[in-house]
Amino acid sequence: MSVAELKERHMAATQTLNALTHKLKQKRLLLLDTDLSGYARSQGKSPVTFGPTDLVCCRTLQGHTGKVYSLDWTSEKNRIVSASQDGRLIVWNALTSQKTHAIKLPCAWVMTCAFSPGGQSVACGGLDSVCSIFSLNSPSDKDGNLPVSRMLNGHKGYVSSCQYVPDEDTHLITASGDQTCVLWDITTGLRTSVFGGEFQSGHTGDVLSVSINGSNSRMFVSGSCDSTVRLWDTRVASRAVRTFHGHEGDVNTVRFFPDGHRFGTGSDDGTCRLFDIRTGHQLQEYSRPHGDNEVPHVTSIAFSISGRLLFAGYTNGDCYVWDTLLAKVVLDLGSLQNSHDGRISCLGLSGDGSALCTGSWDTSLKIWAFGGHRAVI
Amino acid sequence: MSLEVATVVEDAAEYSFAMEYHGPPITRELPRAVPINVDRIPVAAVVSPLAFSDNLSLPIVQPISATDIIGKKLSMDLKLSSSSAELLTVSPTSVIAFESRNNEVSEGSYSKELGLGTEISVSPSSVGNALDEREPENCHSNDVCALSGELSSDFECCHRDGGVNGTNERGYSSISPDNSCELGGVGTSEALGSLDSFEKSRDSSGSLHKSRLSSGFKESLDFNESNRTDWASNESVLSMDYLSSRVSSRKFGDGNNESGCDVRRAPVVTFCDIESDDENTNEEFTRSEPEVVRAKKEPAVKVKKGACYRCLKGNRFTEKEVCMVCDAKYCINCVLRAMGSMPEGRKCVTCIGYPIDESKRGYLGKCSRMLKRLLNDLEVRQIMKAEKLCEVNQLPPEYIYVNGRPLYHEELIMLQSCPNPPKKLKPGNYWYDKVSGLWGKEGQKPSQIISPHLNVGGPIKADASNGNTQVYINGREITKVELRMLKLAGVQCAGNPHFWVNDDGSYQEEGQKNTKGYIWGKAGTKLLCAVLSLPVPSKSSHPCGEQVTSMISRSMPDYLEQRAIQKLLLIGYSGSGTSTIFKQAKILYKDIPFSEDEREQIKLVIQSHVYSYIGILLEGRERFEEESLNDLRQNQCSDGSALAGHVDCNGEKTLYSICPRLKAFSDWLLKIMASGTLEAIFPAASREYAPLVEELWSNPAFQATYKRRSELETLPSVASYFLERAVEILKPDYKPSDVDILYAEHVTSSNGLSCVDFSFPESAYDDDADSGDLHDSLLRFQLIRLQAKGFGENCKWLEMFEDVRIVIFCVSLSDYDQFAIDGDGNAVNKMLLSKKFFENMVTHPTFDQMDFLLILNKFDMFEQKIEQVPLSQCDWFDDFHPVVSRNRPNNANHPTLGQLGFHYIAVKFKRLYAALTGRKLYVSLVKAMEPNSVDAALKYAREILNWDEDRPNFSLSEYSIYSTEASSFSH
């Protein structure tokens with residue numbers, strides 16, 4: 001077979017593929033005959049109401065000198081770990097707003113951080129392509145820095161996101177710019193499984209975010225620059241369980257719904273979406289019309305403990321609270337008193353759901369608490 | 001409300017001093033005490049009442065409501081005394097406000113003040129009281145007016161004594177603090193017994209004063225009202241005095257302890273003869289600080305002494321934490337709310353960002369028991385660290401005078417980061433002998449020998465240490481005690497000589513060349529110095545001449561590091577030589593470019609590389625062998641079939657054949673390489689196979705292959721460098737040299753990002769034209785190298801680099817005829833790929849308005865290549881038509897083809913950049929293997945940053961080296 005012939009066949013195959021992809025897209029759109037809000041409205045549901053003091057900023061955590069990129073709560077105690085561009089991880093006591101640890105990182109370009117379920121260690125990753133684990137109990141060295149207790153080496157691109165497997169201090173899933181996700185065994189420091197990659201049906205762009213199912217920790221989803229979200233089973237690394245299309249831009253953030261049957265996504269196309277993992281369908285799109293061409297990207301999302309509220313941070317500094325059922329913005333944290341000055345880069349809800357923490361490029365973190373006896377949080 | 005007030009006053013019987021007044025009958029009616037203007041009390045904004053009624057369990061901090069404050073405050077204040085003046089006195093630091101108002105009041109209603117015996121005039125009267133025990137005629141007190149009858153005569157008295165006051169100003173300020181602390185002692189014994197806090201002492205001074213008045217009016221007749229100017233000069237002293245003594249007294253010291261503290265502090269205060277020295281500083285000292293304080297103090301002003309400034313509860317016995325800025329004190333319940341997360345240490349939330357009170361500098365980073373109780377160990381440590389290291393809390397340079405000139409910021413940094421810095425640097429006047437490194441406070445003998453030759457402050461003055469011995473050291477008249485030391489050390493001091501003392505202690509008489517001896521040479525001298533409390537040079541400062549260089553390599557204080565660092569981002573398409581430049585920078589600017597561990601790691605990498613090179617050669621050898629065999633056979637065939645049989649059985653020997661043992665090794669190595677596990681196996685196996693490699697290397701077949709290495713495309717060009725020394729490299733005890741590392745591929749962290757902090761060494765910098773300012777040598781740079789591979793096209797991570805100062809984009813010149821596989825699987829010219837990447841970077845929103853320095857790398861290879869391969873191999877360069885003179889080799893002045901090519905490419909990139917951004921691109925030519933070339937490029941980057949800082953002064957085009965030559969091209 002000559003080279004010219006091969007090229008011809010390659011061209012033909014590419015064309016077929018494109019045609020099929022397009023057809024698939026059309027079919028999908030056809031099947032999307034209803035969405036959540038339409039149904040809820042027909043059932044006579046009314047949106048959640050928010051008074052001016054229902055969600056107030058009650059703490060401002062100051063101490064970072066660079067943009068805050070990521071934060072994570074412990075599951076039970078009220079502690080937060082935050083990662084910033086000043087090259088530090090800070091562990092905060094959210095109640096007193098005191099710092100308990102300030103960890104100077106070997107590589108300042110950190111993109112993600114996570115608290116272990118037991119609250120004994122924190123993990124972080126960034127442009128150095130390494131996921132570093134710090135044990136909070138280990139003694140600091142002579143300069144007062146906490147030593148790295150474990151380096152998870154193996155990614156060939158930056159580590160964009162990491163999350164501990166719930167209730168397991170020894171396992172961690174990372175997402176990376178090398179288009180793969182990896183499940184790690186922290187005790188050995190080795191990769192247990194690699195999801196995606198060259199020869200597998202994985203992402204075709206940088207993976208930006210992972211989220212592990214809270215009720216079934218074998219399942220996790222990953223969002224990627226290829227504008228898809230993939231659902232994985234940690235026991236079957238070879239191929240994704242399901243691929244979710246729909247977004248028209250990089251998927252920056254994914255987060256499982258509290259019941260574990262759905263997940264939310266946030267993307268560069270300015271929308272958040274809710275997908276169902278059982279049907280594989282999109283349930284709802286959350287977007288506001290933007291007149292000008294500059295659509296603010298969604299940077300981070302979080303669900304309230306009931307799932308009724310979806311918090312979404314945007315690049316323009318807005319932070320909307322969506323009613324997930326009716327797809328209505330019920331509150332904009334960016335418009336409240338003493339809100340952030342810069343882009344909101346990360347969001348997180350405390351373990352008991354009573355408080356929301358936001359991190360911003362204005363170098364501070366803020367804790368918002370629900371007031372009164374709210375029925376819906 | 002006033003009714004309530006009155007009853008409160010009546011109830012406050014426990015404060016006995018309110019009844020103790022025995023003075024002359026009061027001529028006027030007592031003014032009613034309703035001084036609080038409710039509107040002027042700042043309170044937290046009240047959450048709208050609507051919200052309150054709806055939602056009772058709001059999780060917000062309960063605001064302090066106005067009614068609360070007023071109620072509490074009134075009752076508390078009035079319990080103490082009903083005087084209106086009382087309210088003015090509470091804040092001890094707001095001296096200016098207090099004084100001025102005090103004066104106003106006192107002019108009008110002297111009798112009232114005195115009659116009530118409140119501590120309206122605490123600060124001045126405490127001083128005055130103390131002073132009047134010693135020098136009544138010098139003392140100043142506004143309580144003069146005590147005797148209302150004699151008011152006029154007193155004023156006369158004051159005016160008459162004005163002159164005396166003026167002349168004694170200086171003595172005054174130095175005496176007063178000591179006396180006031182004495183007063184504390186007196187107060188304890190005389191009035192109230194145990195004295196736990198200074199507030200108390202102020203109270204007692206009030207009562208003391210009162211009792212004194214009752215006993216001795218005569219004395220108070222001698223008091224004289226000080227004039228206004230006198231006040232001004234005292235203000236600073238007083239305020240400083242107050243703050244520090246209050247802090248010290250917070251520690252529950254008894255009278256003794258307190259005076260001890262005060263004595264320790266005394267030099268600071270007496271030291272303030274800046275006032276007499278320099279009017280400008282006086283201004284700064286007296287004004288700037290209280291102003292801040294006053295502005296901040298407002299909310300706290302009307303709090304009862306000893307009470308918490310927030311909850312207004314507690315008394316002077318409750319333990320409290322003090323704000324480092326405004327001196328507000330908070331009890332254990334309020335401190336966390338008032339101070340928040342303490343990002344700059346113990347400061348009220350409103351005070352964050354303000355400089356601390358200088359008198360509290362000593363307490364920086366020293367934790368109180370209360371905080372330890374309140375927070376856990378780690379939290380406390382973090383706060384204390386932040387307090388000590390955060391930038392706002394650092395010593396303000398303009399408060400430090402060296403040889404009569406305030407320091408600049410850089411000078412202070414230099415002073416603090418020198419190998420032997422002055423200990424316990426506080427605001428004040430110092431003298432510094434640059435030659436010998438002697439350091440002391442103005443008007444005093446030397447206290448320390450610091451690093452010499454620091455370029456700080458002005459020239460030393462002859463009277464710097466206020467000596468009167470007529471013996472001079474480096475132009476400074478020395479003190480008596482120094483002279484005594486010199487005599488005892490055996491230095492001839494007859495005839496009032498002028499000495500020239502170096503930092504190593506060698507001294508010579510001025511105008512003479514020969515060193516007469518070493519002052520600190522004898523062991524006895526050091527002992528002597530210790531006895532006379534004179535400094536001796538510390539060991540570290542001793543003699544080696546490397547001080548200057550060691551100064552730079554010394555690690556900077558933490559807070560400086562953050563500010564001074566300037567980030568340079570080094571990017572380029574893979575294979576453009578960024579890693580070589582990065583390694584070169586490491587070797588150039590680091591004392592230890594690679595640690596032992598790193599070298600060990602690199603060694604393994606290099607060794608496995610060498611094996612892979614050998615593997616490639618062996619593969620080539622097989623090919624060559626086959627080819628030559630084929631040739632041989634063909635030759636034989638053509639020669640004639642008769643000989644064929646003979647050759648076959650002769651065992652196919654050619655130039656490229658090797659013996660079976662080596663053949664086995666070769667097969668094995670090739671098998672491993674094919675399976676791709678070379679890296680895993682080789683580091684461990686290298687010991688075993690080293691002898692074999694030696695044998696292989698000396699094998700003629702292998703050498704023959706090596707000679708034909710240019711035919712093997714997969715063999716990288718650097719391979720020959722290592723292969724020539726293969727035997728040596730593969731020895732287990734091989735240590736890679738810097739050059740080896742420079743040549744080695746893939747030794748910098750293979751994926752992602754690596755960075756190195758450096759500063760340009762001073763020695764090298766001195767060669768430059770403008771070596772004037774030392775400032776630059778302190779600038780720290782961080783070279784960040786990013787590998788384009790492994791980073792997606794979206795480049796989201798670039799947002800993290802918006803704080804870099806300049807982007808250094810690296811392009812390999814010799815890439816113009818190379819091809820690489822792009823994302824779609826097509827072979828694309830590498831130069832075009834570089835160009836595309838360059839376009840992406842330049843137009844990236846993060847790098848908007850960023851300066852770009854284009855490094856055109858691998859010029860050495862380019863020069864060779866362009867002679868053989870025309871530049872037009874690359875589509876982008878198809879219009880390159882150099883004008884080449886025929887006698888080129890003979891003419892040294894004429895640019896070579898390589899140089900022409902370089903200029904042409906530079907202009908191409910400049911045009912592209914200008915089209916994309918409308919700005920100027922800086923271009924530098926680099927041969928990454930040559931240290932000087934890389935050094936020059938990075939210095940060029942630094943120059944660009946410098947121009948950036950004073951951009952208005954330059955028209956940049958003149959400084960862009962190649963822009964003029966560019967115009968000489970024709971295309």
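If you're wondering where the values come from, they're calculated on a predicted model, not measured in any experiment. The chains referred to below are lettered A, B, ... by the order of the sequence lines, with proteins before strands, and numbering in each begins at 1. The basis for the numbers below is simple: all heavy atoms, side chains too, and nothing from hydrogens, waters or symmetry mates.
With sequence neighbours excluded, the residues forming a side chain to side chain contact (heavy atoms under 4.5 Å, CB included) with B:Cys367 are B:Leu371, B:Lys372, B:Val380, B:Met384, listed by chain and number. In this structure, the side chain to side chain contact (heavy atoms under 4.5 Å, CB included) partners of A:Ser132, at least two apart in sequence or on a different chain, are A:Cys124, A:Val130, A:Phe134, A:Val148, A:Met151.
Between A:Gln62 and B:Pro343, the shortest heavy-atom contact is O-CB, 3.7 Å. The two residues A:Thr96 and B:Glu379 make their nearest non-hydrogen contact at OG1-OE2, 3.9 Å.
Residue B:Leu374 does not touch chain A at all, counting heavy-atom pairs closer than 4.5 Å. At a 4.5 Å heavy-atom cutoff, A:Ser160 makes no contact with chain B through either its backbone or its side chain. Within the 4.5 angstrom heavy-atom criterion, only backbone atoms of A:Val110 (N, CA, C, O) approach chain B.
Taking 4.5 Å as the limit, some side-chain heavy atom of B:Phe801 sits within range of a side-chain heavy atom of A:Leu127. Between A:Gln85 and B:Asp803 the shortest side-chain heavy-atom distance does not fall below 4.5 Å.
Contact count versus chain B (heavy atoms, under 4.5 Å) is highest, among A:Ile90, A:Thr100, A:Asn93, for A:Thr100.
The NE2 atom of A:His101 sits 8.0 Å away from atom CZ of B:Arg381, with the distance rounded to the nearest 0.5 Å.
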Exercise. Test B:Asn376 against A:Gln98 for side-chain contact (heavy atoms from CB on, under 4.5 Å), laying out the working first.
Key: CA-CA 10 Å; B:Asn376 72 29; A:Gln98 303 300 324; over 6 Å; no
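Looking at A:Lys67 and B:Glu799, no side-chain N of the basic residue comes within less than 4.0 Å of a carboxylate O on the acidic one, giving no salt bridge.
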